[in-house]
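Contents: one structure, followed by commentary.
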Amino acid sequence: MSGRTVITFGTFDVFHVGHVRVLERAAALGDRLVVGVSADALNVAKKGRPPVYTQDERMEIVRAIRVVDEVFVEESLEAKRDYIVEHGADVLVMGDDWAGKFDWVSDACEVVYLPRTPSVSTTGIIEHIAGLGS
Ligand code: C2G
């Protein structure tokens, strides 16, 4: 396949502008953007609760973003190198909340951490909405 393939991963729950911006900046680093959307089961295992939106809903939303070419389910954090190889990725992009955490795949592709968009988070939005009801 010609061109540079970029891969990124995330839950993308309660999709917000920080998610759009990281996807747009990731896409700008190559010609094709592939996104691994983390499985509901992976969230339960790692965060102790399921996302607000289901895996299918989150995949549908991410797939609809203009700069995204392909989405797949990320079943395991430890399988990153396999996903990178499977999708022919030249560069892995993650937000800098993950800085250093995926350097172990740098034998398979370039690894780039982008600064997070400040002052917006899924947790903050959930807390804001919960507060409206009280
Ligand atoms: N992000 C960002 N700015 C924000 C919030 C999020 O740039 N204000 C980025 C994160 O750094 C990440 C992506 O958006 O690169 C998705 O964020 P999450 O949905 O929180 O993803 P997470 O649960 O951290 O990913 O392999 C990683 C796993 O899939 C988990």
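As the structure lists them, so they are numbered: ligands from 1, and atoms in each ligand from 1.
With values rounded to the nearest 0.5 angstrom, D40 atom CG is found 13.5 Å from Y53 atom OH. The line from OG1 of T11 to NZ of K46 is 11.5 Å long, rounded to the nearest 0.5 Å.
Contacts classified as side chain to side chain donor-acceptor pair (under 3.5 Å) and involving residues 89-99 (residues at least two apart or in different chains) are given here: D97-R116. Applying the side chain to side chain donor-acceptor pair (under 3.5 Å) rule to pairs touching residues 17-29 yields H16-H19, sequence neighbours excluded.
For ligand 1, the 4.0 Å heavy-atom shell contains residues F9, G10, T11, F12, H16, G18, H19, V22, R25, S38, K47, E74, L77, K80, M94, G95, D97, W98, R116, T117, V120.
Inter-residue side-chain proximity for V22 and T117 is flagged as unmet; no heavy-atom pair is nearer than 4.5 Å.
R63 meets the salt bridge (charged side-chain N to carboxylate O under 4.0 Å, His left out) test with no other residue; sequence neighbours excluded.
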